[in-house]
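Owing to the predicted nature of the structure, the values given are computational and were not obtained by experimental measurement. Ligands are counted one by one from 1 in listed order, and the atoms in each one are counted from 1 as well.
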Amino acid sequence: MSTTKLHVLYFSATGTSRKIVRAIASGMGEVDRELDLTLLKDRQQSHRFTDQDVVVVGVPVYAGRVPVLLSNYFQQLQGQDTPVVLVVVYGNRDYDDALLELKDLFETNGFRGIAAGAFVGEHSYSSKVATARPDADDLETARAFGEEIRQKLAANEHGHLLEVKGNYPYKELVAMPPMAPETNALCTNCGLCAEHCPTEAIDFNDCRQVDASSCIRCCSCVKRCPLDAKSFQHERIVGITHYLVDHFSAIRKEPETFL
Ligand SMILES: Cc1cc2nc3c(=O)[nH]c(=O)nc-3n(C[C@H](O)[C@H](O)[C@H](O)COP(=O)(O)O)c2cc1C
Ligand code: SF4
Ligand code: SF4
């Protein structure tokens, strides 16, 4: 890693993907640049990488896929035979085809997948599913995985093609009606949720006003509000959340890595 530069890229509305990519990178060496792509203002710029760079990219799984706003944005990243470590973080249900999709998105833009991983993070919709993950064990697995990647890079052992779990065609995108979180009377209009909304769907002047057509249901505002003033009341989200708690709160899925 001495002559190469290590770049960490992530989108992380509720912070779990960020923790995982940082842990993996900590096992790989010193990070030269961290690009947080969570906010709209940070997804305006294109970036180019060379074969002297190594990129670790991490995204959450949304409905078994890469979030659509990211698959669009990733077209603006261009590699030049750039080694990339591909990471998805999912909420203990399944990551379906997201890791394969992420790999394809990067490999068609000049990057070369050298390692990949699917890790678990507390579910955006409920703190009862994968509660407080990634935990210390997950982070240690991530760090140790980073060390393995560093050794692989140092040994120049990246001739073979990386294979990851996933199927073609990818899982069909789920069409959801436009919806937005509700705001209760506890809201003090402090602006925190608006500041962190990845799509600027929340009105900065009146945080009760949310543009349903821009909301991606990431739950950043719901989890971040110190007064628990925001929540999704839409029947589709309430139904999905019940299903997730019933089926995935009592089991523990473990990280999977591909080298
Ligand atoms: C719209 C949406 C769809 C999701 N779909 C899935 C899914 O298909 N499978 C799963 O296990 N978790 C799913 N999750 C949960 C997130 O992938 C998980 O909580 C992840 O840790 C969130 O990452 P972040 O903290 O970086 O935002 C979904 C979350 C959201 C907001
Ligand atoms: S973070 Fe909570 S209290 Fe602050 S503006 Fe948003 S909803 Fe209101
Ligand atoms: S308004 Fe929607 S997109 Fe914005 S933070 Fe809340 S859930 Fe996420």
Side-chain angles (χ1 to χ4, degrees), residues 9-22 36-40 57-70 87-99 101 118-135 138 170-174 176 178-232 234 236-237 240-241 243-244 247-249 251 253 255:
L9 271 66
Y10 56 83
F11 172 95
S12 190
T14 64
T16 63
S17 305
R18 175 175 53 228
K19 285 184 189 164
I20 292 293
V21 291
R22 282 183 175 167
D36 181 351
L37 305 171
T38 309
L39 299 184
L40 183 61
V57 58
V59 304
V61 174
Y62 283 3
R65 299 284 301 271
V66 171
V68 173
L69 85 171
L70 294 176
V87 182
V88 295
V89 180
Y90 70 104
N92 211 42
R93 184 193 66 77
D94 206 324
Y95 59 97
D96 298 299
D97 306 320
L99 191 56
E101 185 184 9
F119 288 77
V120 177
E122 178 174 298
H123 205 291
S124 320
Y125 287 174
S126 172
S127 56
K128 293 185 181 147
V129 182
T131 308
R133 290 184 75 185
D135 59 17
D138 293 316
Y170 305 139
K171 194 173 169 121
E172 216 172 307
L173 289 171
V174 180
M176 289 286 261
M179 62 180 82
E182 309 286 325
T183 311
N184 69 27
L186 295 173
C187 174
T188 57
N189 206 32
C190 71
L192 188 70
C193 54
E195 205 182 306
H196 290 276
C197 173
T199 59
E200 297 185 0
I202 303 173
D203 188 325
F204 274 90
N205 297 316
D206 177 1
C207 295
R208 299 171 160 279
Q209 303 298 324
V210 184
D211 175 8
S213 65
S214 329
C215 175
I216 55 166
R217 305 173 304 280
C218 70
C219 296
S220 164
C221 56
V222 175
K223 287 204 168 179
R224 203 177 293 272
C225 174
L227 301 172
D228 283 338
K230 277 208 170 6
S231 63
F232 276 97
H234 194 285
R236 289 282 294 270
I237 301 290
I240 292 170
T241 306
Y243 167 80
L244 291 166
H247 293 83
F248 301 102
S249 58
I251 57 168
K253 299 209 173 173

Give the atoms of ligand 1, by number and element, whose distance to some non-hydrogen atom of [X] is under 4.0 Å.
| X | value |
| --- | --- |
| S12 | 24 (P), 25 (O), 26 (O), 27 (O) |
| G64 | 7 (C), 8 (O) |
| E122 | 18 (C), 19 (O), 21 (O) |
| N92 | 11 (O) |
| V89 | 17 (O), 20 (C), 21 (O) |
| A63 | 3 (C), 4 (C), 5 (N), 6 (C), 7 (C), 8 (O) |
| Y125 | 1 (C), 2 (C), 31 (C) |

Could you tell me which atoms of ligand 2, counted from 1 in the order shown, lie closer than 4.0 angstrom to a heavy atom of [X]?
| X | value |
| --- | --- |
| C193 | 1 (S), 5 (S), 6 (Fe), 7 (S) |
| T188 | 3 (S), 8 (Fe) |
| N189 | 5 (S), 8 (Fe) |
| C207 | 5 (S) |
| K230 | 7 (S) |
| G191 | 4 (Fe), 5 (S) |

Less than 4.0 Å is my threshold; does some heavy atom of C219 fall inside it relative to ligand 1?
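It does not, in that no heavy atom of C219 comes within the 4.0 Å cut-off of ligand 1.
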
So for F248, does at least one of its heavy atoms come nearer than 4.0 angstrom to any atom of ligand 1?
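For ligand 1, residue contact (heavy atoms, under 4.0 Å) with F248 is absent.
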
contact_flag A13 ligand 3 heavy-atom lt 4.0 Å:
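A13 does not count as a contact of ligand 3 under the 4.0 Å cut-off.
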
Mind checking whether [X] and [Y] have side chains closer than 4.5 Å, heavy atoms only?
| X | Y | result |
| --- | --- | --- |
| R217 | Y62 | no |
| L227 | K230 | no |
| P60 | F11 | yes |
| R22 | Y10 | yes |
| L69 | I216 | yes |
| Y90 | V120 | yes |
| C187 | R208 | yes |
| V57 | V87 | no |

Any carboxylate oxygen within less than 4.0 angstrom of a Lys/Arg side-chain nitrogen, looking at [X] and [Y]?
| X | Y | result |
| --- | --- | --- |
| K171 | D97 | no |
| E101 | R65 | yes |
| K223 | E122 | yes |

In Å and rounded to the nearest 0.5 Å, what is the OG to CG distance from S126 to L244?
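It comes to 7.5 Å.
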
Gap between atom OG of S12 and atom CG of L37 - 0.5 Å precision
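It is 10.5 Å, given to the nearest 0.5 Å.
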
Side-chain donor/acceptor of [X] to backbone N/O of [Y], under 3.5 Å:
| X | Y | value |
| --- | --- | --- |
| N184 | D228 | yes |
| R224 | C197 | no |
| S214 | A201 | no |
| N92 | A130 | no |
| D138 | D135 | yes |

Please could you name the atoms of ligand 3 that [X] approaches to less than 4.0 Å, counting only its heavy atoms?
| X | value |
| --- | --- |
| C215 | 1 (S), 2 (Fe), 3 (S), 7 (S) |
| F232 | 7 (S) |
| S220 | 5 (S) |
| T199 | 3 (S) |

Under 3.5 Å, N or O to N or O, is [X] touching ligand 1 that way?
| X | value |
| --- | --- |
| R217 | no |
| P60 | no |
| D96 | no |
| V61 | yes |
| Y90 | no |

How far is [atom] from its nearest protein heavy atom, and which residue and atom name does that atom have?
| atom | value |
| --- | --- |
| atom 4 (Fe) of ligand 2 | C190 SG, 2.3 Å |
| atom 3 (S) of ligand 3 | I216 N, 3.4 Å |
| atom 9 (N) of ligand 1 | D94 O, 2.9 Å |
| atom 23 (O) of ligand 1 | T16 OG1, 3.0 Å |
| atom 10 (C) of ligand 1 | G91 N, 3.3 Å |
| atom 2 (C) of ligand 1 | Y62 CD1, 3.5 Å |
| atom 29 (C) of ligand 1 | S124 OG, 3.3 Å |
| atom 8 (Fe) of ligand 3 | C218 SG, 2.4 Å |

How does I202 reach ligand 2, by side chain, by backbone, by both or by neither, if only non-hydrogen atoms under 4.0 Å count?
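Contact part for I202 vs ligand 2: neither.
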
Below 4.0 Å, non-hydrogen atoms only: which portion of V210 touches ligand 3? Side chain, backbone, both or neither.
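V210 to ligand 3: side-chain contact only, backbone stays beyond 4.0 Å.
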
Please report the shortest heavy-atom distance between N189 and N205, naming the atom on each side.
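Closest approach of N189 to N205, heavy atoms only: ND2-O, 2.9 Å.
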
Heavy-atom closest pair, residues P181 and V210
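Minimum heavy-atom contact is CD-CG1, 4.0 Å.
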
Under 2.8 Å from atom 6 (Fe) of ligand 2, can any N, O or S atom of C187 be found?
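Under 2.8 Å: C187 has no N, O or S contact with atom 6 (Fe) of ligand 2.
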
Under 4.0 Å, heavy-atom basis, I'd like to know which part of C218 is in contact with ligand 1: side chain, backbone, both or neither.
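Contact part for C218 vs ligand 1: backbone (N, CA, C, O).
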
Please lay out, stage by stage, how F232 and H234 fare under the test ring-ring contact (aromatic ring centres under 6.0 Å, His included).
CA-CA 6 Å; F232 276 97; H234 194 285; 8.6 Å; no

Return the option from C221, S231, C225, A229 holding the heavy atom at the smallest distance from atom 2 (Fe) of ligand 2.
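Minimum heavy-atom distance to atom 2 (Fe) of ligand 2 goes to C225.
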
